[in-house]
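Notes to accompany the following structure.
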Amino acid sequence: MYEKGLKVDKKAQVTLFIVVGLIILALVGTFMYIREQAVIGEVGEVDISEVPMELRPVHNFINDIVYETAVEGLEIMGLQGGWISIDDAELSGETFIIHPDATSSEVLTFNKMKIPYWYFMSSPNNRLSNYEFSRKGRPLIKSFTDNPADRAEDDKSMEAQLDRYIEANLKDRLNLGLASLKSMGYNVQGEGDISATTLIGEEDISVSVNYLVVVESGDGKGELDRFFVRIPLNIKNIFSLADRIINAEIEFNLFDNTFFNWITTFQGLASELPPSEGLEFGAGKGPWIMSNAKKFVKYSLFVPFIPAIQLADTKNYQTNVEPGDENSNIHRIKNGILTSLEPNLDFPRPYDLSVDFFYHPNWDIYFNIDPHEGQIIRPEGFGAGILNIANIVLQRYKFFYDISVPVLIIIRDDNALNEEGFNFQFAIESNIRSNAPVSPGAIDLVVETDEETLFDRPQQRISGLVTIESKDNFGEAVEGVRVRFICGTDVIEIGETEINEEGKAVLVSRFPLCQGGFLSLTKKGYLGYEAIRFDPQLGEEAYVLAQI
């Protein structure tokens with residue numbers, strides 16, 4: 001059968017959508033460019049042809065000093081995450097908390113520089129719930145839709161910060177420079193205050209300065225009051241890449257997951273790290289020392305591996321794979337970790353920017369493992385009674401890592417500033433609690449060893465009624481015996497035996513279903529019976545007699 005009507009060419013349809021999309025993008029881009037140029041014209045772009053010929057050497061000389069001052073301010077801001085000053089709130093419009101502990105501070109100190117965190121956990125490290133995060137350290141960039149005349153004194157934008165820096169430093173630089181013009185036959189005097197207006201565009205940065213300069217020379221007397229420079233630096237492109245990195249951490253826990261993967265990988269290789277979970281017979285592992293575990297994570301993982309992180313679709317990306325024996329377990333593990341250092345952020349386009357990550361050993365980390373006794377971290381052992389006679393011990397490992405680590409991110413544009421290059425650096429803080437990434441408002445469910453789990457919920461207990469009776473070696477009832485049920489890595493508190501009407505010490509309860517489970521019966525002053533094999537069945541009653 002044939003369908004009558006128009007036949008739609010789907011390829012042509014898709015092509016049409018693409019063309020329409022490109023036209024829209026072109027129109028938006030054209031509008032932004034026209035708006036950008038209009039605003040630049042409004043704030044004081046200078047047409048050199050309008051400057052009298054005899055004053056042009058002075059105009060160009062002052063323009064050079066404006067350019068140098070603006071670039072100096074931008075380079076300071078680049079090294080400090082977009083802030084002209086961390087200590088002077090009048091210049092930056094913002095105050096930051098500075099703390100010796102890198103994970104309790106709002107800035108990261110490095111080589112006497114103070115670099116604000118663009119994303120960090122603002123709540124205390126030891127908080128157990130409702131975690132709070134902040135992006136306080138990321139400065140604003142004002143768009144060309146904003147009127148520069150509306151900038152307030154406490155404006156925190158990068159443009160306003162650079163305005164204040166130029167206004168605070170340009171006059172002294174001009175006074176020093178203008179003195180040298182005397183040798184060229186010019187007597188130059190500046191009058192009044194300096195007013196600077198910075199505009200960050202799509203491709204570069206423009207700076208307009210209003211400052212009255214009176215010039216006297218052999219050709220007469222004249223005045224200059226407007227100066228304008230363009231700085232070849234695409235700061236918006238840098239911010240675009242930085243924001244994508246931050247958003248990947250916020251949305252997908254990019255660094256948190258990566259860092260904890262390293263830790264779990266090395267738990268089986270390094271004797272300093274207790275396993276997150278596990279259950280085994282035998283002497284088992286441990287105990288461990290908290291400070292040794294922290295030292296290993298800091299110096300053997302963060303120091304060497306964080307600088308090895310690379311991002312695909314950036315200028316300095318290289319594949320992190322080393323040649324070697326592919327049959328070697330060590331080689332496979334090492335290359336596996338190196339591969340995990342190449343997170344794919346799925347950029348919509350490649351960036352002609354280099355990205356480096358850095359962690360300095362002088363930056364302390366927040367580190368804690370629960371449960372612990374002071375510095376000692378021990379597994380939970382079950383092995384008294386019959387298993388102990390057979391020299392068998394059941395070791396249960398269930399440890400929860402809490403870690404906060406600062407990371408410095410450096411973005412470099414080699415083409416900026418006429419290929420002199422420009423560095424922009426900022427910090428983020430990665431946070432792990434209870435072996436998982438932390439998100440705003442999350443609740444840390446970890447308590448001590450006997451925590452409630454999903455497996456421990458009442459609705460999971462669907463066996464028939466199970467009666468546990470406890471006696472001593474003489475057949476006398478022993479009440480107050482603690483009964484726990486072990487299933488895999490979960491240890492579930494059931495209750496204690498009590499004397500019933502018949503004079504027996506019993507505990508009657510339903511159990512969750514589990515194949516390969518164990519009962520643990522303990523009481524202070526008794527040998528105990530810590531590993532009775534027990535497999536509860538759906539709806540089936542059971543009776544267990546234990547002599548402790």
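Values below: all heavy atoms of this structure, side chains included; hydrogens, waters and symmetry mates excluded.
Ile369 CD1 to Ile403 CD1: the interatomic distance, rounded to the nearest 0.5 Å, is 7.5 Å. With rounding to the nearest 0.5 Å, the separation of CD in Gln425 from CD1 in Ile238 is 11.5 Å. Taking CZ of Phe485 as the reference point, atom OG of Ser463 lies at 8.5 Å (rounded to 0.5 Å). Taking CG of Leu513 as the reference point, atom CD1 of Ile462 lies at 4.0 Å (rounded to 0.5 Å). Note: Asn368 CG to Met290 CE = 4.5 Å, rounded to the nearest 0.5 Å. In this structure, CZ in Phe511 is found 4.5 Å from CD1 in Ile494, a value given to the nearest 0.5 Å.
Closest heavy-atom contact between Gly137 and Pro116: CA-CB, 4.0 Å. When all heavy atoms are compared, the tightest approach of Gln161 to Pro139 is NE2-CB, 4.2 Å. Of all the heavy atoms in Ile468 and Thr497, the pair that sits closest is O-CG2, 4.1 Å.
By the side chain to side chain donor-acceptor pair (under 3.5 Å) test, Lys295 is found to be paired with no residue, residues two or more places apart in sequence or in another chain being considered. For Asn247, the side-chain contact (heavy atoms from CB on, under 4.5 Å) partners two or more places apart in sequence, or in a different chain, are Arg135, Asp243, Ile250, Glu251. With sequence neighbours left out, the side chain to side chain donor-acceptor pair (under 3.5 Å) criterion links Asn316 to Asp356. Under the ring-ring contact (aromatic ring centres under 6.0 Å, His included) criterion, Phe96 pairs with Trp83, not counting sequence neighbours. With sequence neighbours excluded, the residues forming a ring-ring contact (aromatic ring centres under 6.0 Å, His included) with Phe120 are Tyr117, listed by chain and number. Applying the ring-ring contact (aromatic ring centres under 6.0 Å, His included) rule to Phe260 yields no partners; only residues at least two apart in sequence or on another chain are considered. In terms of the side-chain contact (heavy atoms from CB on, under 4.5 Å) criterion, residue partners of Arg244 (sequence neighbours excluded) are, by chain and number, Ser240, Phe347, Pro348, Tyr351. Partners of Ile289 under the side-chain contact (heavy atoms from CB on, under 4.5 Å) rule, at least two apart in sequence or in another chain, are Ser291, Asn292, Gln375, Ile376. Trp118 pairs by the ring-ring contact (aromatic ring centres under 6.0 Å, His included) definition with Phe239, Phe424, Phe426, not counting sequence neighbours. The side-chain contact (heavy atoms from CB on, under 4.5 Å) test applied to Asn234 returns Glu203, Lys236, Asn237, not counting sequence neighbours. The side chain to side chain donor-acceptor pair (under 3.5 Å) test applied to Asp155 returns Lys142, Ser157, not counting sequence neighbours.
Taking the six-membered ring for Trp and the full ring otherwise, Phe255 and Phe357 have centroids separated by under 6.0 Å. Between Phe110 and Trp363, the distance from one ring center to the other falls under 6.0 angstrom.
Annotation: side chain of Asp414 is not in contact with side chain of Phe422 (no heavy-atom distance under 4.5 Å). Within the 4.5 Å cutoff, side-chain heavy atoms of Ile377 are placed close to those of Phe399. Between Asn125 and Thr103, the closest side-chain pair of non-hydrogen atoms falls below 4.5 Å. Two residues are said to be in side-chain contact when any heavy atoms from C-beta on lie closer than 4.5 Å; Val107 and Ile115 fail this criterion. For the pair Leu273/Trp288, no side-chain contact is recorded, criterion being any heavy-atom separation below 4.5 Å from C-beta on. Under the 4.5 Å side-chain criterion, counting only non-hydrogen atoms from C-beta, Ile409 is in contact with Ile428. Residues Glu159 and Ile141 meet the side-chain proximity criterion, which asks for heavy atoms closer than 4.5 Å. With contacts defined as side-chain heavy-atom distances shorter than 4.5 Å, the pair Ile432/Pro437 does not qualify.
Arg433 places no side-chain N or O within donor-acceptor distance of the main-chain N or O of Val438, the cut-off being under 3.5 Å. The main-chain N or O of Val506 is never found under 3.5 Å from a side-chain atom of Asn500 such that the two would form a donor-acceptor pair. Using a distance-only test at 3.5 Å, with no hydrogens or angles considered, no donor-acceptor pair links the side chain of Asn111 to the main chain of Met113. Although no hydrogens or angles enter the test, the distance criterion places no donor-acceptor pair under 3.5 Å between the side chain of Lys136 and the main chain of Ser122. A donor-acceptor pair is defined here as one N or O able to donate and one able to accept, closer than 3.5 Å; no such pair exists between the side chain of Asp370 and the backbone of Phe400. Judged by distance alone, with hydrogens and angles left aside, the side-chain atoms of Asn253 form no donor-acceptor pair with the main-chain N or O of Asp256 at under 3.5 Å. Judged by distance alone, the side chain of Ser105 and the main-chain N or O of Ile97 form a donor-acceptor pair under 3.5 Å. In this structure, the side chain of Ser300 does not engage the main chain of Val297 through any donor-acceptor pair within 3.5 Å. Counting only distance, with no hydrogens or angles, the side chain of Lys471 and the backbone of Val478 share no donor-acceptor pair below 3.5 Å.
When the options Ile365, Asp364, Asn431 are evaluated for a side-chain contact (heavy atoms from CB on, under 4.5 Å) with Ser404, the one that passes is Asn431. Of the residues Leu301, Ile309, Leu408, Val303, the one that meets the side-chain contact (heavy atoms from CB on, under 4.5 Å) test with Tyr359 is Val303. A salt bridge (charged side-chain N to carboxylate O under 4.0 Å, His left out) with Arg482 holds for exactly one of Glu498, Glu496, Glu493; it is Glu493.
Residues Ser92 and Ser85 have side chains that never bring a donor and an acceptor to within less than 3.5 angstrom of each other. Side-chain contact check for Tyr119 and Glu429: no donor-acceptor pair (N or O, by modelled atom type) lies under 3.5 Å. Side chains of Asn130 and Ser123: a donor-acceptor N/O pair is absent below 3.5 angstrom, by distance only. A donor and an acceptor atom, one from each side chain of Gln267 and Ser276, are located under 3.5 Å apart. A side-chain donor from one of Asp101 and Ser104 sits under 3.5 Å from a side-chain acceptor of the other.
Arg164 has no carboxylate O lying under 4.0 Å from a charged side-chain N of Glu90, or vice versa, which leaves the two without a salt bridge. Remark: Lys398 does not engage Glu277 in a salt bridge, criterion side-chain N to carboxylate O under 4.0 Å. In summary, Glu272 and Lys294 do not engage in a salt bridge, as defined by a charged side-chain N under 4.0 Å from a carboxylate O. Checked for salt-bridge contact, Arg127 and Glu132 meet the test: a charged N lies under 4.0 Å from a carboxylate O. For Glu373 and Arg378, the salt-bridge test passes: some basic side-chain N is under 4.0 Å from an acidic carboxylate O.
Sorted by first and then second residue, the pairs that involve residues 107-116 and meet salt bridge (charged side-chain N to carboxylate O under 4.0 Å, His left out), not counting sequence neighbours, are Asp87-Lys114.
Taking the six-membered ring for Trp and thresholds of 30 and 60 degrees, Phe266 and Phe305 have ring planes inclined between 30 and 60 degrees apart.
Surrounding CZ of Phe252 are at most 12 heavy atoms belonging to other residues, nucleotides or ligands under 6.0 Å away.
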